[in-house]
Amino acid sequence: LGDERPAELLVGRVQAPTRDDILRQRRQTAQLRELAADPLRSPEEEEQLERLIGDVRLPDETRGVSGVEALFDLELRGRNGFVETHGLTELVAPGGERLFAREAVDGEDVRLTLRAELVAAAQRTLREPEVPNDDKRDDEWYAAPVGAIVLLSGAGDVLAAVSEPDEGSRIDPGAEGERQYLRERALRKPTFQPPGSVFKPFVAAWALDHGLDPARTVVCGPLEKGGAGHADLRCWNTAGHGTMDLHAALEQSCNAYFAWLGETMKTQDFVALCAAFGFGAPTGVRTPPPWDEGLLRRSGLAEDLAGLALPENGAELSASLRRRVANGLARVEATPMQLARAMQALGTGALGELRLVQRVGEREVPPRPGEPLAFSAASLDFVRRAMIDVAAAPLGSAHNALSFEDLGVRVAVKTGSADIESRKEQGDPKVLKHTWVAGWLPAEKPELVFVVFVHRTLATSSHGAVFVARQLLRQPEVRAWV
C-alpha cells in the first residue's frame, strides 16, 4: 500500500503550536521570562517556574493532538529542562557557576500491540476490496468503500484496527456521504450503527442460561402484510424458513425466531446481557497505564460507548422493540471494537479489557485478564457449535464464502445485516443497511478474532461482507499469523 504510517487514524497525529496556541500562552510565557530573570526566587516561585517550563510550548515543540499520540502525549514528548548560570558569564565557563532548575527528560517510545503486517493486510482488504461473483452485490460500495476491520489475539491484544477511507485512500472529488470523511471507525459510530444479526449469539447465550429450551421451535412463515417473519418483524428470507429451533435459527440467521425470543425477554434481560458482553462499556484500549492510577487528564483516542438505548422515562421496552433488539436492531448499537471484544469473550469464556499499548519506555503495560463469563459451559458450547455451522453447514449464512473449503481452516462466525432505512416495499431487500461479519479462528480455540464492518450498502452480509471477510482471512499475513 505504500503507507508511511499504517493505521494513521488510530495512531493519531502530532502538531507544532499554532498561532492561536502561542497567543493563548502569552501570559504564561511572560511569567516564565520574569521568573527566569529573577535571581532571588522564593521556593514557591521555583515550583511555579518548573511548572511553567513544562507548560509553555516552544515554537518547534510538537504534541499529540489525536489518537495514541494524544493519549500518551505526556510520555512521548518528555519534559523540558531549564539551565541557568550565575557568575561572570551566562555561559558554562570559568568564573561562572552552572545551576540546573530542572533536568530535561527525553520522551519515551510507546510500543503498541498492533502487528504491522496484519494492519497492512486489513487496510489492503478494505481499500481494494475484490468484487465477488455474486449478482446481489453492491457495486457502488466496492467503488467507494467505507468501513472498518478489527483483529484481536485470543488473549485480547489489538492486532489491527483500520478504517476506510483513511489518509492513504484515493477519494474521488465527487465522493458523497461518509466516503468524504477521514474518521477513525474501529472505536466510533459516526452514524446510527446497529449490529444486526451478529448480536444474536449473545442473546442466545443469555436465553439458554436462563431457561430457554433449544429444541423449542418457532415458525418463520407468511405475514399478513407480505413477506415472512414473526408478528411485525420480517425475516430476510421472504419465503420464510419454516420451522426453526435455536441452532437452525443461528445457523441460518432467522429473524422470526429471535423476534419470538425477544418477546419472551424483559428489558432488564437485555440490559444484563449487554453488560455481560461489554456493550455500552469501554473496551479497555483507553485504560490509563498502571503508573498514573487514572489521575492524569488524557485526551485522544476517542471511543463511543454505544450499547442499549433505554426509554428516557424508565419504561419497559415494548414487545415490538424487544423483537427488534433481539435481532440487533432499533435500540442497540455497537462499535467494531466492542463487537470484537464481545466475540473474544464468547470464544474464550472470559470478558477482559483489550490491550493496545504493550510497553512505554522500559515499563510494561501488562495484559488485563478477564473475568469468567457468568454462563454455563453448556450454553456457551451450544452457541459456539451453531456459529461453526454458520460457515460449515450448506444452509449457513456464511457458507458461500467462509467454509473450510474456502479458507483451509474452520471458523466460528456470525453474519449480520441491519437496515438503516425503511423498506420501500414489503419484503424488498434493496434498502440501505450496515453489514457485519464477526467471529474467530480456529473454531476450536480462538487465536484470531475478526470483525468486518461494511458501512451503508445495499447488499446483505451474505452477499457482501462475507466476501470482504474471506479476502481478509486469505491474506498471506493473516494465514501466517494463524
Taking only residues two or more places apart in sequence, or in another chain, which ones meet [X] in a salt bridge (charged side-chain N to carboxylate O under 4.0 Å, His left out)?
{"X": "R355", "result": "D157, E364"}
{"X": "D232", "result": "R323, R324"}
{"X": "D381", "result": "R384"}
{"X": "D73", "result": "R77"}

Residues in side chain to side chain donor-acceptor pair (under 3.5 Å) contact with R368, at least two apart in sequence or another chain: E353
Pairing residues for E405 by the side chain to side chain donor-acceptor pair (under 3.5 Å) criterion, not counting sequence neighbours: S403
Show me the donor-acceptor pairs, under 3.5 Å and distance only, between side chains in residues 437-456 and residues at least two apart or in other chains.
| unit_1 | atom_1 | unit_2 | atom_2 | d |
| --- | --- | --- | --- | --- |
| W440 | NE1 | A443 | O | 3.2 |
| E444 | OE2 | R410 | NE | 3.0 |
| E444 | OE2 | R410 | NH2 | 2.6 |

Only distances under 3.5 Å count here; give the side-chain donor-acceptor pairs of residues 473-482 to other protein atoms, sequence neighbours excluded, each with its distance to 0.1 Å.
| unit_1 | atom_1 | unit_2 | atom_2 | d |
| --- | --- | --- | --- | --- |
| R474 | NE | D406 | O | 3.1 |
| R474 | NH2 | D406 | O | 3.3 |
| Q475 | OE1 | R124 | NH1 | 2.6 |
| Q475 | NE2 | T125 | OG1 | 3.1 |
| E477 | OE1 | R124 | NH1 | 3.3 |
| E477 | OE2 | R124 | NH2 | 2.7 |
| R479 | NE | R474 | O | 3.4 |
| R479 | NH1 | L407 | O | 3.4 |

Only counting residues at least two apart or in another chain, list the ones meeting side chain to side chain contact (heavy atoms under 4.5 Å, CB included) with [X].
{"X": "D213", "result": "A215, R216"}
{"X": "L301", "result": "L10, V68, L71, L187, V285, R286, L356"}
{"X": "V219", "result": "T243"}

Please table the atom pairs, donor to acceptor, closer than 3.5 Å between any side-chain atom in residues 266-278 and protein atoms at least two apart or in another chain.
| unit_1 | atom_1 | unit_2 | atom_2 | d |
| --- | --- | --- | --- | --- |
| T267 | OG1 | E316 | OE1 | 2.9 |
| T267 | OG1 | L317 | N | 2.8 |
| D269 | OD2 | K266 | N | 2.8 |

